[in-house]
Amino acid sequence: MPELPEVETVRLGLIPHLEGQVITKAGAFSRKLRLPIPEDFAKKLTGRRIIQLHRRAKYILIDMAGGLSVILHLGMSGQILISRFEANTPFKPAKHDHFFWETAGGMRLVYHDPRRFGLVAFSKTDNLPLHPLIKNLGVEPLSNAFNGPALKAALAGKTCTIKAALLDQRIIAGLGNIYVSEALYRAHIHPTRKAGSVSLARIETLVAMVRAVLREALKSGGSSLKDYVRVNGELGYFQHHFDVYDRAGRGCRSRGCGGAVRRIVQNARSTFYCPRCQT
DNA sequence: ACGCCCACCTGGAGGC
DNA sequence: TGCCTCCAGGTGGGCG
């Protein structure tokens with residue numbers, strides 16, 4: 001579900017409730033996520049102070065006192081919710097709640113994930129860059145390292161489609177199925193084009209459009225299709241601004257185009273594009 | 001090494 | 001109402 005803008009919105013929403021706080025209580029329930037929840041989850045977290053929240057790709061990284069970091073991923077349907085809790089009222093998990101913690105400031109974090117593709121893991125803070133979940137991630141698309149020449153070089157010789165390449169987290173870290181379709185539409189690049197064959201000039205445009213669509217989505221608090229919500233339960237609203245995603249058969253929004261958005265399947269995932277505007 | 005397929009899960013929507 | 005199929009913001013293991 002959540003791509004970079006949704007994960008970043010969650011991180012920004014968590015910061016005021018978590019940074020500097022001490023965890024007074026924590027608990028986990030038995031069902032396994034993408035990875036098993038660490039057995040010592042509650043023991044490791046109880047009494048520990050939260051220092052700082054970061055993001056890498058679609059992972060939220062929480063640095064704690066004592067050199068411990070928590071790695072969180074929302075998978076397709078994960079939610080992290082924060083709410084004030086009443087003193088002396090034990091947490092009763094709802095269906096698909098997998099773990100929680102409470103802070104001295106009176107807030108309770110709950111991780112909820114029906115499909116269980118998300119995960120929580122621990123790492124030593126020092127070793128985070130080398131952690132197996134993190135070490136192979138590519139460039140952050142909102143960083144200066146993401147630029148035309150660098151992307152052109154990363155795509156050189158690739159025979160897969162540009163769509164598949166943009167989804168590859170080892171190349172660009174944080175794009176998902178929605179924003180890849182949206183960025184390719186804005187850059188006028190056909191999603192079936194071979195990644196290595198796109199000219200530098202068009203790659204430069206693509207870089208700018210990836211940035212633009214991520215920034216705009218972030219401003220809108222992300223896109224809520226089904227499961228994604230902010231930490232206070234509110235919806236994002238960038239879904240109202242999609243040009244192509246989930247708009248098959250409807251009119252292309254480009255002035256004077258008059259064509260219709262088409263849906264195709266690439267690598268078993270939907271792609272939406274305008275056959276007239278994208279070549 | 002690379003590209004592709006599939007599995008991992010649950011639930012909602014739509015067809016009959 | 002029910003049952004069946006298809007579909008969904010992600011990821012990585014295994015295969016050719």
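Labels below follow one simple rule: chain letters A, B, ... track the order of the sequence lines, proteins then strands, and each chain is numbered from 1.
Put simply, the side chain of A:Glu216 does not reach to within 4.5 Å of the side chain of A:Ser220, judged on heavy atoms.
Contacts of A:Lys194 with the nucleic acid, taken as non-hydrogen atoms under 4.0 Å apart, are absent. Across all strands shown, A:Arg31 has heavy atoms under 4.0 Å from sugar-phosphate atoms exclusively, and none from any base. A:Tyr179 comes within 4.0 angstrom of nothing in the nucleic acid, heavy atoms only. Within the nucleic acid shown, A:Leu133 comes within 4.0 Å of sugar-phosphate atoms alone, with no base atom in reach, counting heavy atoms only. A:Tyr59 comes within 4.0 angstrom of sugar-phosphate atoms only, judged by non-hydrogen atoms across all strands, and of no base.
Taking atom CG on A:Leu155 and atom P on B:dG3, their separation rounds to 10 Å, with Å as the unit. Rounded to whole angstrom, the span from the CG atom of A:Leu137 across to the P atom of C:dG12 amounts to 8 Å. Here the C1' atom of nucleotide C:dC6 and the CZ atom of A:Arg263 are 10 Å apart, to the nearest Å. For the pair A:Lys226 NZ and B:dA13 C1', the computed distance is 10 Å after rounding to whole Å. Rounded to a whole Å, the CE atom of A:Met76 is 5 Å from the C1' atom of C:dA8. Straight-line distance from the NE2 atom of A:His96 to the C1' atom of B:dG12: 12 Å, rounded to whole Å. The separation between A:Lys58 atom NZ and C:dT11 atom P is 4 Å, rounded to whole Å. In this structure, A:Ile162 atom CD1 and B:dG3 atom P are separated by 12 Å, rounded to whole Å.
Taking side-chain N and O atoms only, A:Ser77 has no distance below 4.0 Å to OP1 or OP2 of B:dT10. Phosphate proximity of C:dA8 to A:Ser270: present, with a side-chain N or O under 4.0 Å from OP1 or OP2. Taking 4.0 angstrom as the limit, A:Gln169 places a side-chain polar atom (N or O) nearer than this to OP1 or OP2 of C:dT11. Residue A:Arg269 has a polar side-chain atom (N or O) positioned under 4.0 Å from OP1 or OP2 of C:dG10.
Both distances falling under 3.5 Å, in either a Watson-Crick or a G-U wobble arrangement, occur for no nucleotide opposite B:dC9.
By the stacking rule of 5.5 Å between ring centres and under 30° between planes, A:Phe117 stacks on the base of B:dC8.
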Go through A:Tyr245 and A:Ser223 one step at a time and tell me if the side-chain hydrogen bond (donor to acceptor under 3.5 Å, both in side chains) criterion holds. CA-CA 11 Å; A:Tyr245 187 83; A:Ser223 303; over 6 Å; no
field: A:Arg56 vs A:Glu140, salt bridge (Lys or Arg N to Asp or Glu O under 4.0 Å): CA-CA, chis, key distance, verdict
entry: CA-CA 8 Å; A:Arg56 178 78 172 100; A:Glu140 285 288 329; 3.0 Å; yes
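Side chains of A:Thr271 and A:Gln266: a donor on one and an acceptor on the other come within 3.5 Å.
With A:Gln21 contributing its side chain and A:Gly105 its backbone, the two residues share a donor-acceptor pair below 3.5 Å.
Counting all heavy atoms, side chain and backbone alike, A:Val229 lies closest to A:Val10 at O-CG2, 4.1 Å.
Looking at the side chain of A:Arg115, the nearest of the listed nucleotides C:dT11, B:dT10, B:dC4 is B:dT10. Residue A:Thr159 places its side chain closer to B:dG3 than to any other of C:dA8, C:dT11, B:dG3.
Where A:Lys95 and A:Gly157 each meet DNA chain B at their nearest nucleotide, the meeting point lying more 5' is that of A:Gly157.
Rounded to whole Å, the separation between the P atoms of C:dG14 and B:dC9 comes to 15 Å.
Checked by distance alone, A:Arg116 brings no side-chain donor or acceptor within 3.5 Å of a matching partner on the base of B:dC9.
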